[in-house]
Asks: 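Starting off with a structure, shown below.
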Protein chains: 2
Amino acid sequence: MPDSKSSRSSKLNKMRRQPQQARSQERVQQILDVAEQLFVEIGYESATTRAIAAQAGVSVGSIYQFFPDKEAILKALAIRYLQKQYQRFLDLHTPAAMTLPLRQYVDQMIDVFDQFYTDYPGSRAIFAQLLDTITWSKIEKIDDFEYQVIDELARFFHARAPSLAISKCERIAMVITKTITELLWLSLGGDPEFRQDLVAETKLLTLSYLQQYLPESAPE
Amino acid sequence: MPDSKSSRSSKLNKMRRQPQQARSQERVQQILDVAEQLFVEIGYESATTRAIAAQAGVSVGSIYQFFPDKEAILKALAIRYLQKQYQRFLDLHTPAAMTLPLRQYVDQMIDVFDQFYTDYPGSRAIFAQLLDTITWSKIEKIDDFEYQVIDELARFFHARAPSLAISKCERIAMVITKTITELLWLSLGGDPEFRQDLVAETKLLTLSYLQQYLPESAPE
DNA sequence: TGGAAATATGAACACTGTTCAAATTTTACC
DNA sequence: GGTAAAATTTGAACAGTGTTCATATTTCCA
(Lines give C-alpha, C1' and ligand atoms only; values in the text may rest on other atoms or scores of the structure.)
Protein backbone atom coordinates (compact mmCIF):
# COMPACT_ATOMS: atom_id res chain seq x y z
CA MET A 1 0.00 0.00 0.00
CA PRO A 2 2.43 2.69 -1.16
CA ASP A 3 1.41 5.99 0.24
CA SER A 4 2.43 8.19 -2.64
CA LYS A 5 5.46 9.06 -4.65
CA SER A 6 6.88 11.72 -2.36
CA SER A 7 10.22 10.83 -0.81
CA ARG A 8 10.04 10.87 2.94
CA SER A 9 13.42 12.52 3.14
CA SER A 10 13.49 15.72 5.12
CA LYS A 11 9.97 17.07 5.06
CA LEU A 12 9.60 15.90 8.63
CA ASN A 13 10.61 19.20 10.17
CA LYS A 14 8.12 21.98 10.22
CA MET A 15 10.76 24.39 9.07
CA ARG A 16 13.47 23.76 6.57
CA ARG A 17 15.85 26.12 8.36
CA GLN A 18 15.49 27.70 11.73
CA PRO A 19 15.40 31.45 11.28
CA GLN A 20 18.50 32.71 13.03
CA GLN A 21 18.27 36.38 12.39
CA ALA A 22 15.62 38.65 13.77
CA ARG A 23 14.58 39.79 10.33
CA SER A 24 13.96 36.21 9.27
CA GLN A 25 11.56 35.62 12.13
CA GLU A 26 9.60 38.68 11.10
CA ARG A 27 9.53 37.26 7.61
CA VAL A 28 8.08 33.98 8.78
CA GLN A 29 5.39 35.85 10.69
CA GLN A 30 4.66 38.00 7.67
CA ILE A 31 4.31 34.92 5.47
CA LEU A 32 2.03 33.19 7.97
CA ASP A 33 -0.18 36.25 8.39
CA VAL A 34 -0.55 36.82 4.67
CA ALA A 35 -1.15 33.12 4.03
CA GLU A 36 -3.88 32.93 6.66
CA GLN A 37 -5.64 35.93 5.19
CA LEU A 38 -5.43 34.57 1.65
CA PHE A 39 -6.43 31.03 2.60
CA VAL A 40 -9.53 32.37 4.33
CA GLU A 41 -10.43 34.86 1.62
CA ILE A 42 -9.89 32.90 -1.58
CA GLY A 43 -9.16 29.35 -0.38
CA TYR A 44 -6.03 27.23 -0.12
CA GLU A 45 -5.86 26.16 -3.74
CA SER A 46 -6.47 29.59 -5.19
CA ALA A 47 -3.85 31.13 -2.94
CA THR A 48 -0.81 30.43 -5.07
CA THR A 49 2.68 30.52 -3.64
CA ARG A 50 3.40 33.40 -6.01
CA ALA A 51 0.46 35.37 -4.60
CA ILE A 52 1.49 34.73 -1.01
CA ALA A 53 5.04 35.78 -1.77
CA ALA A 54 3.99 38.94 -3.59
CA GLN A 55 1.52 39.98 -0.88
CA ALA A 56 4.10 39.33 1.83
CA GLY A 57 6.71 41.30 -0.08
CA VAL A 58 9.12 38.40 -0.46
CA SER A 59 10.12 36.04 -3.26
CA VAL A 60 8.78 32.52 -3.75
CA GLY A 61 12.18 31.16 -2.89
CA SER A 62 12.04 32.71 0.56
CA ILE A 63 8.89 30.77 1.36
CA TYR A 64 10.68 27.52 0.58
CA GLN A 65 13.53 28.56 2.82
CA PHE A 66 11.27 28.23 5.83
CA PHE A 67 8.58 25.78 4.74
CA PRO A 68 9.26 22.48 2.95
CA ASP A 69 6.13 22.87 0.87
CA LYS A 70 2.85 24.75 0.63
CA GLU A 71 1.01 22.32 2.90
CA ALA A 72 3.43 23.09 5.71
CA ILE A 73 2.18 26.67 5.82
CA LEU A 74 -1.39 25.52 6.33
CA LYS A 75 -0.28 22.97 8.90
CA ALA A 76 1.64 25.59 10.85
CA LEU A 77 -1.45 27.80 10.97
CA ALA A 78 -3.65 24.92 12.12
CA ILE A 79 -1.22 23.85 14.82
CA ARG A 80 -1.19 27.38 16.22
CA TYR A 81 -4.96 27.11 16.77
CA LEU A 82 -4.86 23.51 18.00
CA GLN A 83 -2.38 24.42 20.70
CA LYS A 84 -4.73 27.10 21.99
CA GLN A 85 -7.66 24.69 21.91
CA TYR A 86 -5.75 21.95 23.71
CA GLN A 87 -4.52 24.34 26.37
CA ARG A 88 -8.08 25.40 27.18
CA PHE A 89 -9.12 21.79 27.50
CA LEU A 90 -6.24 21.09 29.88
CA ASP A 91 -7.06 24.16 31.96
CA LEU A 92 -10.50 22.71 32.59
CA HIS A 93 -9.08 19.67 34.40
CA THR A 94 -8.20 21.25 37.70
CA PRO A 95 -8.45 19.10 40.82
CA ALA A 96 -11.66 20.97 41.66
CA ALA A 97 -13.30 20.06 38.36
CA MET A 98 -12.54 16.39 38.88
CA THR A 99 -15.15 16.15 41.62
CA LEU A 100 -17.92 17.95 39.75
CA PRO A 101 -21.19 16.16 39.13
CA LEU A 102 -21.05 14.41 35.76
CA ARG A 103 -23.70 16.65 34.24
CA GLN A 104 -21.78 19.80 35.07
CA TYR A 105 -18.49 18.36 33.86
CA VAL A 106 -19.98 17.52 30.48
CA ASP A 107 -21.50 20.97 30.31
CA GLN A 108 -18.23 22.72 30.96
CA MET A 109 -16.16 20.52 28.68
CA ILE A 110 -18.38 21.06 25.67
CA ASP A 111 -18.65 24.76 26.44
CA VAL A 112 -14.87 24.97 26.34
CA PHE A 113 -14.76 23.73 22.76
CA ASP A 114 -17.75 25.78 21.71
CA GLN A 115 -16.30 28.92 23.28
CA PHE A 116 -13.03 28.35 21.47
CA TYR A 117 -14.70 28.71 18.09
CA THR A 118 -16.36 31.91 19.29
CA ASP A 119 -13.08 33.36 20.51
CA TYR A 120 -11.10 32.35 17.41
CA PRO A 121 -13.51 32.62 14.48
CA GLY A 122 -10.60 32.36 12.04
CA SER A 123 -9.86 28.84 13.21
CA ARG A 124 -12.96 27.50 11.50
CA ALA A 125 -11.76 28.51 8.04
CA ILE A 126 -8.26 27.19 8.64
CA PHE A 127 -9.51 23.85 9.93
CA ALA A 128 -11.90 23.62 6.98
CA GLN A 129 -9.09 24.23 4.50
CA LEU A 130 -7.00 21.63 6.29
CA LEU A 131 -9.70 18.99 6.10
CA ASP A 132 -10.30 19.76 2.43
CA THR A 133 -6.71 19.77 1.35
CA ILE A 134 -4.28 17.73 3.34
CA THR A 135 -4.00 14.13 2.28
CA TRP A 136 -4.76 12.14 5.39
CA SER A 137 -1.22 10.98 5.75
CA LYS A 138 1.25 13.34 7.40
CA ILE A 139 -1.24 14.73 9.87
CA GLU A 140 0.78 13.20 12.69
CA LYS A 141 1.18 16.41 14.58
CA ILE A 142 -2.44 17.34 14.07
CA ASP A 143 -4.08 14.30 15.59
CA ASP A 144 -1.36 14.19 18.17
CA PHE A 145 -3.43 16.86 19.86
CA GLU A 146 -6.57 14.79 19.52
CA TYR A 147 -4.85 11.81 21.08
CA GLN A 148 -3.77 13.93 24.03
CA VAL A 149 -7.36 15.03 24.57
CA ILE A 150 -8.52 11.42 24.45
CA ASP A 151 -5.82 10.41 26.90
CA GLU A 152 -6.74 13.14 29.37
CA LEU A 153 -10.41 12.18 29.13
CA ALA A 154 -9.60 8.52 29.66
CA ARG A 155 -7.69 9.34 32.85
CA PHE A 156 -10.66 11.37 34.06
CA PHE A 157 -13.05 8.47 33.42
CA HIS A 158 -10.78 5.98 35.16
CA ALA A 159 -10.64 8.22 38.23
CA ARG A 160 -14.43 8.35 38.22
CA ALA A 161 -14.93 4.62 37.77
CA PRO A 162 -11.79 2.74 38.83
CA SER A 163 -13.43 -0.58 38.09
CA LEU A 164 -13.45 0.29 34.38
CA ALA A 165 -10.38 -1.02 32.57
CA ILE A 166 -8.13 1.76 31.31
CA SER A 167 -8.42 0.41 27.78
CA LYS A 168 -12.20 0.63 28.05
CA CYS A 169 -11.87 4.21 29.28
CA GLU A 170 -9.73 5.06 26.29
CA ARG A 171 -12.29 3.62 23.93
CA ILE A 172 -15.09 5.59 25.56
CA ALA A 173 -12.97 8.73 25.44
CA MET A 174 -12.30 8.19 21.76
CA VAL A 175 -16.00 7.82 21.00
CA ILE A 176 -16.83 10.95 22.98
CA THR A 177 -14.07 13.03 21.42
CA LYS A 178 -14.87 12.05 17.85
CA THR A 179 -18.56 12.65 18.39
CA ILE A 180 -18.22 16.04 20.04
CA THR A 181 -15.72 17.21 17.46
CA GLU A 182 -18.02 16.21 14.62
CA LEU A 183 -21.18 17.71 16.09
CA LEU A 184 -19.61 21.01 17.14
CA TRP A 185 -18.03 21.26 13.72
CA LEU A 186 -21.46 20.75 12.23
CA SER A 187 -22.90 23.41 14.52
CA LEU A 188 -20.54 26.04 13.09
CA GLY A 189 -22.19 25.74 9.70
CA GLY A 190 -25.54 27.13 10.79
CA ASP A 191 -27.02 30.28 12.29
CA PRO A 192 -26.56 31.06 16.00
CA GLU A 193 -29.85 29.42 16.95
CA PHE A 194 -28.93 26.21 15.15
CA ARG A 195 -25.54 26.27 16.77
CA GLN A 196 -26.94 26.75 20.26
CA ASP A 197 -29.42 23.97 19.68
CA LEU A 198 -26.78 21.56 18.47
CA VAL A 199 -24.55 22.31 21.45
CA ALA A 200 -27.45 21.35 23.71
CA GLU A 201 -28.02 18.11 21.81
CA THR A 202 -24.33 17.31 21.96
CA LYS A 203 -24.40 17.70 25.72
CA LEU A 204 -27.44 15.44 26.03
CA LEU A 205 -25.90 12.80 23.77
CA THR A 206 -22.62 12.83 25.67
CA LEU A 207 -24.24 12.70 29.07
CA SER A 208 -26.63 9.89 28.14
CA TYR A 209 -23.76 7.77 26.90
CA LEU A 210 -21.43 8.44 29.81
CA GLN A 211 -24.13 7.65 32.33
CA GLN A 212 -24.05 4.08 31.03
CA TYR A 213 -20.55 3.75 32.44
CA LEU A 214 -19.94 6.44 35.06
CA PRO A 215 -21.68 7.31 38.34
CA GLU A 216 -23.31 10.75 38.59
CA SER A 217 -20.88 11.91 41.25
CA ALA A 218 -17.18 11.34 41.67
CA PRO A 219 -16.12 8.70 44.19
CA GLU A 220 -15.12 10.16 47.54
CA MET B 1 -17.34 35.00 0.00
CA PRO B 2 -16.61 33.94 -3.57
CA ASP B 3 -16.50 30.19 -3.75
CA SER B 4 -13.74 29.78 -6.29
CA LYS B 5 -12.87 30.81 -9.77
CA SER B 6 -14.76 28.11 -11.62
CA SER B 7 -17.61 29.28 -13.78
CA ARG B 8 -20.85 27.61 -12.82
CA SER B 9 -21.79 27.23 -16.44
CA SER B 10 -22.43 23.70 -17.54
CA LYS B 11 -20.56 21.50 -15.10
CA LEU B 12 -23.86 20.80 -13.45
CA ASN B 13 -24.52 17.65 -15.43
CA LYS B 14 -22.69 14.56 -14.39
CA MET B 15 -21.89 13.82 -17.98
CA ARG B 16 -20.94 16.27 -20.64
CA ARG B 17 -22.63 14.18 -23.27
CA GLN B 18 -24.87 11.22 -22.84
CA PRO B 19 -23.25 8.23 -24.54
CA GLN B 20 -25.59 7.30 -27.34
CA GLN B 21 -23.77 4.46 -28.95
CA ALA B 22 -23.17 1.10 -27.30
CA ARG B 23 -19.42 1.42 -27.71
CA SER B 24 -19.47 4.71 -25.87
CA GLN B 25 -21.15 3.18 -22.86
CA GLU B 26 -18.50 0.49 -22.74
CA ARG B 27 -15.92 3.25 -22.87
CA VAL B 28 -17.44 5.04 -19.89
CA GLN B 29 -17.45 1.80 -17.95
CA GLN B 30 -13.85 1.16 -18.93
CA ILE B 31 -12.82 4.61 -17.76
CA LEU B 32 -14.67 4.24 -14.47
CA ASP B 33 -13.19 0.82 -13.78
CA VAL B 34 -9.64 1.91 -14.53
CA ALA B 35 -10.07 5.11 -12.55
CA GLU B 36 -11.36 3.24 -9.50
CA GLN B 37 -8.45 0.86 -9.59
CA LEU B 38 -5.90 3.66 -9.97
CA PHE B 39 -7.51 5.89 -7.33
CA VAL B 40 -7.39 3.04 -4.83
CA GLU B 41 -3.88 1.91 -5.73
CA ILE B 42 -1.96 5.16 -6.05
CA GLY B 43 -4.42 7.81 -4.87
CA TYR B 44 -6.53 10.42 -6.60
CA GLU B 45 -3.83 13.02 -7.09
CA SER B 46 -1.22 10.60 -8.40
CA ALA B 47 -3.67 9.11 -10.86
CA THR B 48 -3.23 11.61 -13.68
CA THR B 49 -5.77 11.95 -16.43
CA ARG B 50 -3.06 10.82 -18.84
CA ALA B 51 -2.49 7.63 -16.83
CA ILE B 52 -6.20 6.87 -16.65
CA ALA B 53 -6.58 7.41 -20.39
CA ALA B 54 -3.58 5.25 -21.24
CA GLN B 55 -4.61 2.40 -18.95
CA ALA B 56 -8.15 2.52 -20.33
CA GLY B 57 -6.88 2.53 -23.88
CA VAL B 58 -8.43 5.86 -24.79
CA SER B 59 -7.16 9.40 -25.24
CA VAL B 60 -7.37 12.17 -22.66
CA GLY B 61 -9.86 13.96 -24.84
CA SER B 62 -12.29 11.06 -24.61
CA ILE B 63 -12.39 11.36 -20.85
CA TYR B 64 -13.47 14.97 -21.15
CA GLN B 65 -16.17 13.97 -23.56
CA PHE B 66 -18.00 12.16 -20.78
CA PHE B 67 -16.80 13.90 -17.63
CA PRO B 68 -16.60 17.68 -17.19
CA ASP B 69 -13.46 17.34 -15.09
CA LYS B 70 -11.38 14.87 -13.11
CA GLU B 71 -13.42 15.33 -9.95
CA ALA B 72 -16.54 14.16 -11.77
CA ILE B 73 -14.98 10.71 -12.23
CA LEU B 74 -14.44 10.35 -8.51
CA LYS B 75 -17.91 11.69 -7.79
CA ALA B 76 -19.49 9.20 -10.18
CA LEU B 77 -17.71 6.35 -8.42
CA ALA B 78 -18.79 7.58 -5.00
CA ILE B 79 -22.40 8.03 -6.06
CA ARG B 80 -22.50 4.46 -7.31
CA TYR B 81 -21.64 3.27 -3.80
CA LEU B 82 -23.88 5.78 -2.05
CA GLN B 83 -26.90 4.60 -4.00
CA LYS B 84 -26.27 1.05 -2.85
CA GLN B 85 -25.88 2.21 0.73
CA TYR B 86 -29.02 4.31 0.66
CA GLN B 87 -31.06 1.51 -0.88
CA ARG B 88 -30.08 -0.84 1.92
CA PHE B 89 -31.12 1.73 4.49
CA LEU B 90 -34.48 2.18 2.80
CA ASP B 91 -35.02 -1.59 2.62
CA LEU B 92 -34.74 -1.70 6.40
CA HIS B 93 -37.79 0.51 6.87
CA THR B 94 -40.52 -2.00 6.14
CA PRO B 95 -43.83 -1.63 7.98
CA ALA B 96 -42.76 -4.58 10.14
CA ALA B 97 -39.56 -2.90 11.25
CA MET B 98 -41.46 0.21 12.31
CA THR B 99 -42.95 -1.63 15.29
CA LEU B 100 -39.70 -3.17 16.51
CA PRO B 101 -38.48 -2.42 20.02
CA LEU B 102 -36.16 0.57 19.92
CA ARG B 103 -33.12 -1.46 20.91
CA GLN B 104 -33.57 -3.88 18.04
CA TYR B 105 -34.22 -1.11 15.54
CA VAL B 106 -30.98 0.64 16.47
CA ASP B 107 -29.18 -2.70 16.26
CA GLN B 108 -30.40 -3.41 12.78
CA MET B 109 -29.90 0.08 11.44
CA ILE B 110 -26.27 0.27 12.49
CA ASP B 111 -25.66 -3.27 11.26
CA VAL B 112 -26.94 -2.23 7.85
CA PHE B 113 -24.26 0.43 7.52
CA ASP B 114 -21.57 -1.77 9.00
CA GLN B 115 -22.46 -4.65 6.72
CA PHE B 116 -22.31 -2.35 3.71
CA TYR B 117 -18.63 -1.67 4.28
CA THR B 118 -18.02 -5.40 4.59
CA ASP B 119 -19.84 -6.16 1.35
CA TYR B 120 -18.23 -3.31 -0.59
CA PRO B 121 -14.70 -2.98 0.74
CA GLY B 122 -13.73 -0.78 -2.20
CA SER B 123 -16.15 1.89 -1.06
CA ARG B 124 -13.93 2.83 1.85
CA ALA B 125 -11.04 3.87 -0.38
CA ILE B 126 -13.31 5.80 -2.73
CA PHE B 127 -15.03 7.65 0.10
CA ALA B 128 -11.65 8.41 1.63
CA GLN B 129 -10.37 9.88 -1.62
CA LEU B 130 -13.55 11.90 -1.91
CA LEU B 131 -13.19 13.36 1.57
CA ASP B 132 -9.54 14.16 0.96
CA THR B 133 -9.95 15.76 -2.41
CA ILE B 134 -13.26 17.34 -3.18
CA THR B 135 -13.61 20.90 -2.04
CA TRP B 136 -16.68 20.94 0.16
CA SER B 137 -18.68 22.89 -2.32
CA LYS B 138 -20.29 20.96 -5.16
CA ILE B 139 -21.03 17.89 -3.08
CA GLU B 140 -24.75 18.54 -3.55
CA LYS B 141 -25.51 15.13 -4.90
CA ILE B 142 -23.37 13.44 -2.27
CA ASP B 143 -25.01 14.83 0.82
CA ASP B 144 -28.33 14.65 -0.93
CA PHE B 145 -28.17 11.01 0.06
CA GLU B 146 -27.34 11.95 3.63
CA TYR B 147 -30.28 14.29 3.76
CA GLN B 148 -32.60 11.55 2.55
CA VAL B 149 -31.36 9.27 5.30
CA ILE B 150 -31.95 12.01 7.86
CA ASP B 151 -35.42 12.60 6.49
CA GLU B 152 -36.38 8.95 6.63
CA LEU B 153 -35.09 8.70 10.19
CA ALA B 154 -37.02 11.81 11.22
CA ARG B 155 -40.25 10.31 9.89
CA PHE B 156 -39.56 7.15 11.85
CA PHE B 157 -39.00 9.12 15.05
CA HIS B 158 -42.16 11.14 14.55
CA ALA B 159 -44.16 7.96 14.11
CA ARG B 160 -42.70 6.66 17.35
CA ALA B 161 -43.30 9.83 19.34
CA PRO B 162 -46.01 11.93 17.67
CA SER B 163 -45.78 14.54 20.39
CA LEU B 164 -42.28 15.44 19.22
CA ALA B 165 -42.26 18.31 16.72
CA ILE B 166 -41.15 17.26 13.28
CA SER B 167 -38.39 19.86 13.37
CA LYS B 168 -37.14 18.34 16.60
CA CYS B 169 -37.21 14.90 15.01
CA GLU B 170 -35.10 16.18 12.13
CA ARG B 171 -32.55 17.62 14.47
CA ILE B 172 -32.31 14.36 16.40
CA ALA B 173 -32.02 12.44 13.14
CA MET B 174 -29.22 14.72 12.00
CA VAL B 175 -27.30 14.21 15.23
CA ILE B 176 -27.71 10.45 15.01
CA THR B 177 -26.73 10.27 11.35
CA LYS B 178 -23.63 12.40 11.69
CA THR B 179 -22.53 10.48 14.77
CA ILE B 180 -23.03 7.01 13.35
CA THR B 181 -21.35 7.97 10.07
CA GLU B 182 -18.33 9.33 11.91
CA LEU B 183 -17.95 6.42 14.32
CA LEU B 184 -18.40 3.68 11.73
CA TRP B 185 -15.93 5.47 9.50
CA LEU B 186 -13.51 5.48 12.39
CA SER B 187 -14.13 1.79 12.98
CA LEU B 188 -12.93 0.94 9.47
CA GLY B 189 -9.45 2.18 10.31
CA GLY B 190 -8.70 -0.54 12.85
CA ASP B 191 -8.44 -4.30 13.08
CA PRO B 192 -11.61 -6.46 13.14
CA GLU B 193 -11.73 -6.53 16.94
CA PHE B 194 -11.52 -2.75 17.16
CA ARG B 195 -14.18 -2.45 14.52
CA GLN B 196 -16.55 -4.83 16.27
CA ASP B 197 -15.98 -3.02 19.54
CA LEU B 198 -16.68 0.36 18.02
CA VAL B 199 -19.88 -0.86 16.39
CA ALA B 200 -21.07 -1.98 19.83
CA GLU B 201 -20.22 1.41 21.36
CA THR B 202 -21.99 3.17 18.52
CA LYS B 203 -25.12 1.17 19.23
CA LEU B 204 -24.95 1.97 22.93
CA LEU B 205 -24.40 5.66 22.26
CA THR B 206 -27.28 5.84 19.81
CA LEU B 207 -29.68 3.94 22.01
CA SER B 208 -28.84 5.97 25.13
CA TYR B 209 -29.52 9.20 23.29
CA LEU B 210 -32.71 8.07 21.59
CA GLN B 211 -34.15 6.78 24.85
CA GLN B 212 -34.17 10.37 26.07
CA TYR B 213 -36.81 11.15 23.46
CA LEU B 214 -38.48 7.93 22.32
CA PRO B 215 -40.41 5.21 24.16
CA GLU B 216 -38.94 1.72 24.11
CA SER B 217 -41.81 0.30 22.07
CA ALA B 218 -43.73 1.76 19.19
CA PRO B 219 -47.15 3.23 19.98
CA GLU B 220 -50.01 0.85 19.18
C1' DT C 1 37.04 47.73 5.66
C1' DG C 2 37.05 43.27 3.26
C1' DG C 3 35.73 38.91 2.45
C1' DA C 4 33.26 34.80 3.89
C1' DA C 5 29.00 32.99 5.29
C1' DA C 6 24.15 33.45 5.31
C1' DT C 7 20.15 34.82 2.93
C1' DA C 8 17.13 36.33 -0.94
C1' DT C 9 15.87 36.19 -5.65
C1' DG C 10 12.96 34.77 -9.72
C1' DA C 11 13.71 32.57 -14.24
C1' DA C 12 13.58 27.90 -15.41
C1' DC C 13 11.78 23.20 -14.67
C1' DA C 14 8.65 19.42 -14.32
C1' DC C 15 4.20 18.31 -14.21
C1' DT C 16 -0.71 19.06 -13.93
C1' DG C 17 -5.78 19.44 -15.75
C1' DT C 18 -7.97 21.04 -19.77
C1' DT C 19 -9.03 22.48 -24.65
C1' DC C 20 -9.98 22.24 -29.58
C1' DA C 21 -8.73 22.02 -34.53
C1' DA C 22 -7.89 18.23 -37.20
C1' DA C 23 -8.26 13.16 -38.18
C1' DT C 24 -11.08 9.29 -37.91
C1' DT C 25 -15.11 6.54 -37.55
C1' DT C 26 -19.98 5.82 -37.75
C1' DT C 27 -24.41 6.79 -39.65
C1' DA C 28 -27.88 7.68 -43.09
C1' DC C 29 -29.48 7.99 -47.58
C1' DC C 30 -29.67 6.96 -52.52
C1' DG D 1 -22.07 -0.31 -51.99
C1' DG D 2 -20.82 4.27 -52.28
C1' DT D 3 -20.70 8.77 -50.38
C1' DA D 4 -21.37 12.78 -47.79
C1' DA D 5 -22.77 14.53 -43.40
C1' DA D 6 -22.68 13.92 -38.56
C1' DA D 7 -20.67 12.11 -34.53
C1' DT D 8 -16.72 10.79 -32.24
C1' DT D 9 -11.78 10.34 -31.13
C1' DT D 10 -7.31 12.13 -30.91
C1' DG D 11 -3.12 14.29 -28.76
C1' DA D 12 -0.26 18.35 -29.38
C1' DA D 13 -0.69 22.76 -27.47
C1' DC D 14 -2.15 25.81 -23.63
C1' DA D 15 -2.40 27.86 -19.15
C1' DG D 16 -1.24 27.47 -14.73
C1' DT D 17 0.70 25.10 -10.67
C1' DG D 18 4.40 23.91 -6.89
C1' DT D 19 9.20 23.63 -6.55
C1' DT D 20 14.32 24.20 -7.42
C1' DC D 21 18.83 26.28 -7.67
C1' DA D 22 22.49 29.10 -9.82
C1' DT D 23 23.09 33.74 -9.09
C1' DA D 24 22.85 38.23 -6.69
C1' DT D 25 22.49 40.48 -2.48
C1' DT D 26 22.90 41.29 2.31
C1' DT D 27 24.78 40.46 6.85
C1' DC D 28 28.33 39.39 9.90
C1' DC D 29 32.82 39.47 12.07
C1' DA D 30 38.10 39.63 12.15
Side-chain angles (χ1 to χ4, degrees), chain A residues 4-11 13 15-31 34-35 38-39 42-76 129 133-135 138, chain B residues 4-11 13 15-31 34-35 38-39 42-76 129 133-135 138:
Chain A
S4 203
K5 73 207 158 185
S6 68
S7 62
R8 292 273 175 269
S9 54
S10 64
K11 284 191 178 182
N13 309 323
M15 294 212 173
R16 177 160 281 185
R17 177 175 54 80
Q18 286 303 323
Q20 296 175 353
Q21 306 180 2
R23 197 167 42 91
S24 293
Q25 298 187 12
E26 290 170 18
R27 243 148 201 257
V28 171
Q29 268 308 313
Q30 181 75 359
I31 292 171
V34 166
L38 280 180
F39 288 165
I42 66 177
Y44 174 81
E45 309 235 316
S46 299
T48 65
T49 51
R50 285 164 176 75
I52 295 173
Q55 190 94 17
V58 302
S59 63
V60 261
S62 288
I63 293 181
Y64 286 88
Q65 195 121 32
F66 302 113
F67 301 96
D69 50 31
K70 194 184 168 189
E71 280 191 1
I73 305 176
L74 185 56
K75 260 178 62 178
Q129 304 284 351
T133 320
I134 301 290
T135 166
K138 293 303 293 175
Chain B
S4 203
K5 73 211 157 180
S6 69
S7 63
R8 293 271 176 271
S9 52
S10 64
K11 285 191 178 181
N13 309 323
M15 296 213 173
R16 176 161 285 185
R17 178 175 55 79
Q18 285 302 322
Q20 296 176 354
Q21 306 181 0
R23 201 166 40 91
S24 292
Q25 297 185 15
E26 291 169 17
R27 243 148 203 258
V28 171
Q29 268 308 312
Q30 181 75 357
I31 292 171
V34 166
L38 280 180
F39 287 166
I42 65 176
Y44 174 81
E45 308 235 318
S46 299
T48 65
T49 52
R50 284 163 178 76
I52 295 173
Q55 190 93 16
V58 302
S59 64
V60 262
S62 288
I63 292 181
Y64 285 89
Q65 193 117 30
F66 301 113
F67 301 95
D69 50 33
K70 194 184 167 189
E71 281 191 0
I73 305 175
L74 184 57
K75 259 176 62 179
Q129 304 284 351
T133 321
I134 302 291
T135 165
K138 292 304 289 176

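Sequence lines set the chain letters: A, B, ... in the order given, protein chains first and strands last, and positions in each chain run from 1.
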Asks: Nearest 0.5 Å, please: how far is OH in B:Y44 from NZ in B:K70?
Replies: 5.0 Å
Asks: How many whole angstroms separate atom CZ of A:F67 from atom P of D:dT19?
Replies: 13 Å
Asks: Rounded to the nearest Å, what distance is computed from the CZ atom of residue B:F66 to the P atom of nucleotide D:dT8?
Replies: 8 Å
Asks: Are any of the side-chain heavy atoms of A:V58 and A:Q30 separated by less than 4.5 Å?
Replies: no
Asks: What is the separation between atom CD1 on A:I31 and atom P on C:dT9, rounded to the nearest whole Å?
Replies: 10 Å
Asks: Between A:T49 and A:Y64, which heavy-atom pair has the shortest distance, and what is it?
Replies: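 Here A:T49 and A:Y64 meet closest at CG2-OH, 3.6 Å.
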Asks: Taking all heavy atoms of B:F67 and all of B:A76, pick out the closest pair and write down the distance.
Replies: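 In terms of heavy atoms, the two residues are closest at CE2-CB, 4.2 Å.
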Asks: Can you name the side chain to side chain contact (heavy atoms under 4.5 Å, CB included) partners of B:T48, sequence neighbours left out?
Replies: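 So B:T48 forms a side chain to side chain contact (heavy atoms under 4.5 Å, CB included) with B:R50, B:A51.
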Asks: Between P on C:dC15 and NZ on B:K70, what's the gap in Å once rounded to a whole number?
Replies: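 Those two atoms, NZ and P, are 15 Å apart.
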Asks: Over how many whole Å does the gap from A:Q65 atom CD to D:dT23 atom C1' extend?
Replies: 14 Å
Asks: Minimum heavy-atom separation for B:S46 and B:I42, please, with both atom names.
Replies: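 B:S46 and B:I42 have their closest heavy atoms at CB-O, 3.3 Å.
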Asks: Could you say whether A:T48 or B:R50 is positioned toward the 5' end of DNA chain D, judged by the nucleotide with the nearest heavy atom to each?
Replies: B:R50
Asks: Does B:Y64 place a side-chain N or O at less than 4.0 Å from the phosphate oxygens OP1/OP2 of C:dT19?
Replies: no
Asks: Does the B:Q129 side chain pair with the main chain of B:F39, one donor and one acceptor, at a distance under 3.5 Å?
Replies: yes
Asks: Going by number, which of residues 51-60 of chain A have a non-hydrogen atom under 4.0 Å from DNA chain C?
Replies: A:V58, A:S59, A:V60
Asks: Rounded to the nearest Å, what distance is computed from the CD atom of residue B:E26 to the P atom of nucleotide C:dT26?
Replies: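 Interatomic distance, CD of B:E26 to P of C:dT26: 12 Å.
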Asks: Over all heavy atoms of both residues, which pair between B:V34 and B:I52 is shortest? Give the atoms and the distance, please.
Replies: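 Shortest heavy-atom separation between B:V34 and B:I52 comes out as CG1-O, 3.8 Å.
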Asks: Distances under 3.5 Å only, N/O to N/O: pair up the protein atoms with those of nucleotides 22-24 of chain C.
Replies:
none

Asks: Can you give me the closest heavy-atom contact between B:V60 and B:A53, atom names plus distance?
Replies: N-CB, 3.6 Å
Asks: Atom CZ of A:R27 to atom P of C:dT7: distance rounded to whole Å?
Replies: 11 Å
Asks: Could you tell me how far apart B:Q30 (CD) and D:dT9 (C1') are, to the nearest whole angstrom?
Replies: 15 Å
